[in-house]
Undergrad: 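Structure in structure tokens, see below.
Atom set for the values below is all heavy atoms of this structure, side chains included, hydrogens, waters and symmetry mates excluded.
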Amino acid sequence: MKDRDILIAELQTSPDALLIIEQIQRAIREEEAKRYEYYELVHEDYKAEFINGEIIFHSPVRKAHWHVSTEMVRQLSNYVREHNLGIVGAEKVMITLSRNDYEPDICFFRREVANQFTDDQLRFPAPDFVVEILSKSTEERDRGVKMRDYAAHGISEYWIVDPQHQTIEQYLLQQQSYHLHLKVTEGHLSSAAIKGFSIDIGKLFA
């Protein structure tokens with residue numbers, strides 16, 4: 001990732017590099033302590049995420065969000081189950097990445113990864129495919145820190161769904177960054193990560 005390479009190069013030429021690293025290490029230790037507090041706090045009754053040292057609580061969703069989520073999960077789950085491709089998670093599946101913990105609206109794990117999960121497991125690795133459904137309160141994160149973090153951890157496909165404007169943006173991973181592949185409002189959209197799956201956009205926004 002270009003920005004990361006620039007930061008590393010600047011740090012390597014800085015005379016106080018070790019002092020900067022020590023300061024970062026202290027901040028990371030403090031953040032990790034907050035993260036464990038988050039794990040003790042969260043439970044299945046509400047949705048919360050841990051992002052850059054902060055606990056982010058989510059408001060109840062609007063009907064448009066709820067309808068789109070339900071319809072997408074229905075289409076995706078039916079296809080994945082029928083073809084034995086893996087498992088689909090929705091809303092309360094916690095994805096634990098190197099620094100942050102997210103509960104994406106929808107995610108998919110291929111069968112080889114999903115077969116390793118246990119019945120009591122609470123935190124899960126980076127999935128193969130993620131969908132975030134936009135709202136006014138989440139759009140900045142969905143297009144910002146989440147997009148960068150999902151790309152950095154190798155999630156190969158990311159969809160951003162906008163219920164208000166009835167669009168889906170399909171982002172594919174290229175060299176540790178997402179690139180917009182398609183933005184669609186009608187017809188069918190085919191997934192790159194889930195072989196053979198395409199979603200009926202008309203039904204999604206009906």
Undergrad: Considering all heavy atoms of both residues, which atom of Leu134 and which atom of Pro163 are nearest to each other, and what is their separation?
TA: O-CD, 3.7 Å
Undergrad: Output, in order, the C-alpha distance, side-chain angles, deciding distance and verdict of side chain to side chain contact (heavy atoms under 4.5 Å, CB included) for Ile194 and Val80.
TA: CA-CA 8 Å; Ile194 306 171; Val80 167; 4.2 Å; yes
Undergrad: For the atom pair CZ (Arg111) and CD1 (Ile87), what is the distance rounded to the nearest 0.5 Å?
TA: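 Arg111 atom CZ to Ile87 atom CD1 measures 12.5 Å (nearest 0.5 Å).
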Undergrad: Between the side chains of Lys34 and Glu54, is the shortest nitrogen-to-carboxylate-oxygen separation below 4.0 Å, so that they form an ion pair?
TA: no
Undergrad: Mind checking whether Leu204 and Ile168 have side chains closer than 4.5 Å, heavy atoms only?
TA: yes
Undergrad: Roughly how far apart are Tyr38 OH and Ile56 CD1, rounded to 0.5 Å?
TA: 10.0 Å
Undergrad: Could you walk me through whether Asp120 and Thr118 pass the side-chain hydrogen bond (donor to acceptor under 3.5 Å, both in side chains) check?
TA: CA-CA 5 Å; Asp120 295 328; Thr118 66; 6.0 Å; no
Undergrad: What is the ring orientation for Tyr79 with Phe197, classed by angle as parallel under 30°, tilted 30 to 60°, or perpendicular over 60°?
TA: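 Because their plane-to-plane angle lies in the 30° to 60° range, the rings of Tyr79 and Phe197 count as tilted.
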Undergrad: So, does Glu103 use its side chain to make a donor-acceptor pair with the main chain of Val93 at under 3.5 Å?
TA: no
Undergrad: Please find the pair of heavy atoms, one from Ile133 and one from Val68, that lie closest to each other, and give the distance.
TA: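 Nearest pair, atom of Ile133 first, then Val68: CD1-CG1, 4.0 Å.
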Undergrad: Hey, is Asp101 close enough to Arg35 for a salt bridge, meaning N to O under 4.0 Å?
TA: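 Salt bridge present between Asp101 and Arg35.
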Undergrad: When the ring planes of Tyr171 and Tyr158 are compared, do they come out parallel, tilted or perpendicular, using 30° and 60° as the limits?
TA: tilted
Undergrad: With side chain to side chain contact (heavy atoms under 4.5 Å, CB included) as the test, would you mind laying out the steps for Leu85 and Arg110 before giving the verdict?
TA: CA-CA 6 Å; Leu85 297 178; Arg110 66 186 184 275; over 6 Å; no
Undergrad: Atom CG in Asp149, atom CZ in Arg141: separation rounded to 0.5 Å?
TA: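 Rounded to the nearest 0.5 Å, the CG-CZ separation comes to 13.5 Å.
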Undergrad: CD of Gln174: more than 12 outside heavy atoms within 6.0 angstrom?
TA: yes
Undergrad: Would you say that more than 12 heavy atoms from the other residues, nucleotides or ligands in this model lie under 6.0 Å from the CG of Leu182, or not?
TA: yes
Undergrad: Is atom CD of Glu32 surrounded by more than 12 heavy atoms (other residues, nucleotides or ligands) closer than 6.0 Å?
TA: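 Check passes, neighbour count above 12.
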Undergrad: Could you check whether any side-chain N or O of Asp142 sits under 3.5 Å from a backbone N or O of Glu132, counting only pairs where one atom can act as donor and the other as acceptor?
TA: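 Flag not set: sc Asp142 to bb Glu132 has no pair under 3.5 Å.
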Undergrad: Is there a side-chain contact between Val184 and Thr167 (heavy atoms, below 4.5 Å)?
TA: no
Undergrad: Examine distances only and state if a side-chain atom of Glu49 and a backbone atom of Ile51 form a donor-acceptor pair shorter than 3.5 Å.
TA: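 No, the answer is negative, given that no donor and acceptor are paired below the 3.5 Å cut-off.
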Undergrad: Quick check on Phe57: does its CZ atom have over 12 non-hydrogen neighbours (other residues, nucleotides or ligands) under 6.0 Å away?
TA: yes
Undergrad: Answer yes if Val130 and Leu180 sit in the same cluster of Ile, Leu, Val, Met, Phe, Trp and Tyr residues linked by side chain heavy atoms under 4.5 Å apart, and no otherwise.
TA: yes
Undergrad: Does atom CD of Gln121 have more than 12 heavy-atom neighbours from other groups under 6.0 Å away?
TA: yes
Undergrad: With a 4.5 Å limit on heavy-atom distance, are the side chains of Leu189 and Ser198 in contact?
TA: no
Undergrad: Say whether Leu41 and Tyr36 are linked into one hydrophobic cluster, either directly or through other cluster members, by side-chain heavy-atom distances under 4.5 angstrom.
TA: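 Yes; Tyr36 is reachable from Leu41 via cluster members.
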Undergrad: Is there a continuous path of hydrophobic side-chain contacts, each under 4.5 Å between heavy atoms, that joins Ile155 to Phe117?
TA: yes
Undergrad: Among side-chain atoms of Ser98 and His153, is any donor-acceptor pair under 3.5 angstrom?
TA: yes
Undergrad: Do Ile201 and Trp159 share a hydrophobic cluster, counting only Ile, Leu, Val, Met, Phe, Trp and Tyr and linking them when any side-chain heavy atoms are less than 4.5 Å apart?
TA: yes
Undergrad: In Å, rounded to the nearest 0.5 Å, how long is the span from OH of Tyr102 to SG of Cys107?
TA: 14.0 Å
Undergrad: Pair Val88, Phe129 - check side chain to side chain contact (heavy atoms under 4.5 Å, CB included), show working.
TA: CA-CA 9 Å; Val88 175; Phe129 170 87; over 6 Å; no
Undergrad: If Ile, Leu, Val, Met, Phe, Trp and Tyr residues are connected whenever their side-chain heavy atoms lie under 4.5 Å apart, and connections chain through other members, are Ile28 and Leu11 in the same group?
TA: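 Yes, same cluster.
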Undergrad: Is it true that Asp105 and Lys92 have a side-chain N and a carboxylate O under 4.0 angstrom from each other?
TA: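 The answer is no: the pair does not qualify as a salt bridge.
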Undergrad: Do you know the tightest heavy-atom contact between Ala193 and Ser156?
TA: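 In terms of heavy atoms, the two residues are closest at CB-OG, 3.7 Å.
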Undergrad: Using 0.5 Å steps for rounding, measure from the CD atom of Glu31 to the CD1 atom of Ile24.
TA: 11.5 Å
Undergrad: Look at the side chain of Asn78 and the backbone N and O of Arg74, then say whether any donor-acceptor pair between them is shorter than 3.5 Å.
TA: yes
Undergrad: Sub-3.5 Å donor-acceptor pair from the side chain of Glu157 to the main-chain atoms of Ala192, do we have one?
TA: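 It does hold such a pair.
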Undergrad: Give a yes or no answer on whether the side chain of Gln170 reaches the backbone of Ser190 with a donor-acceptor pair at less than 3.5 Å.
TA: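 Yes, because the side chain of Gln170 sits within donor-acceptor range (under 3.5 Å) of the backbone of Ser190.
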Undergrad: Within 45° of the ring axis of Phe50 and under 6.0 Å from its six-membered ring centre, is that where the NZ or CZ of Arg99 lies?
TA: no
Undergrad: Quick check: does any side chain N or O of Thr96 sit under 3.5 Å from a backbone N or O of Pro125, one acting as donor and the other as acceptor?
TA: no
Undergrad: Using a strict 4.0 Å threshold on nitrogen-to-oxygen distance, state whether Arg143 and Glu139 make a salt bridge.
TA: yes
Undergrad: Donor-acceptor pair, Asp200 side chain versus Lys203 backbone, under 3.5 Å?
TA: yes
Undergrad: Parallel, tilted or perpendicular: which describes the rings of Phe124 and Phe109, with under 30° parallel and over 60° perpendicular?
TA: tilted
Undergrad: Do Tyr150 and Tyr178 have ring centroids that are under 6.0 Å from one another?
TA: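 Distance test on ring centres: not under 6.0 Å, no.
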Undergrad: Within the supplied structure, the quantity of interest is the number of heavy atoms (other residues, nucleotides, ligands) at a distance under 6.0 Å from Glu40 CD; does it exceed 12?
TA: no
Undergrad: Would you say CG of Leu19 has more than 12 non-hydrogen atoms from neighbouring residues, nucleotides or ligands within 6.0 angstrom?
TA: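 Yes, CG of Leu19 has more than 12 neighbouring heavy atoms, counting only those of other groups under 6.0 Å.
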Undergrad: Please check: side-chain N/O of Ser69 versus main-chain N/O of Trp66, any donor-acceptor pairing under 3.5 Å?
TA: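 Checked: no pair found.
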Undergrad: Thr13 side chain to Glu10 main-chain N or O, any donor-acceptor pair under 3.5 Å?
TA: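 Yes, Thr13 side chain to Glu10 backbone: donor-acceptor pair under 3.5 Å.
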Undergrad: I'd like to know whether Met72 forms a side chain to side chain contact (heavy atoms under 4.5 Å, CB included) with Ile199, so could you lay out the CA-CA distance, the side-chain angles of the two residues, the decisive distance to 0.1 Å, and finally the verdict.
TA: CA-CA 8 Å; Met72 183 171 283; Ile199 195 158; 3.5 Å; yes
Undergrad: Atom OG1 of Thr185 and atom CZ of Phe205: how far apart are they, to the nearest 0.5 Å?
TA: 9.0 Å
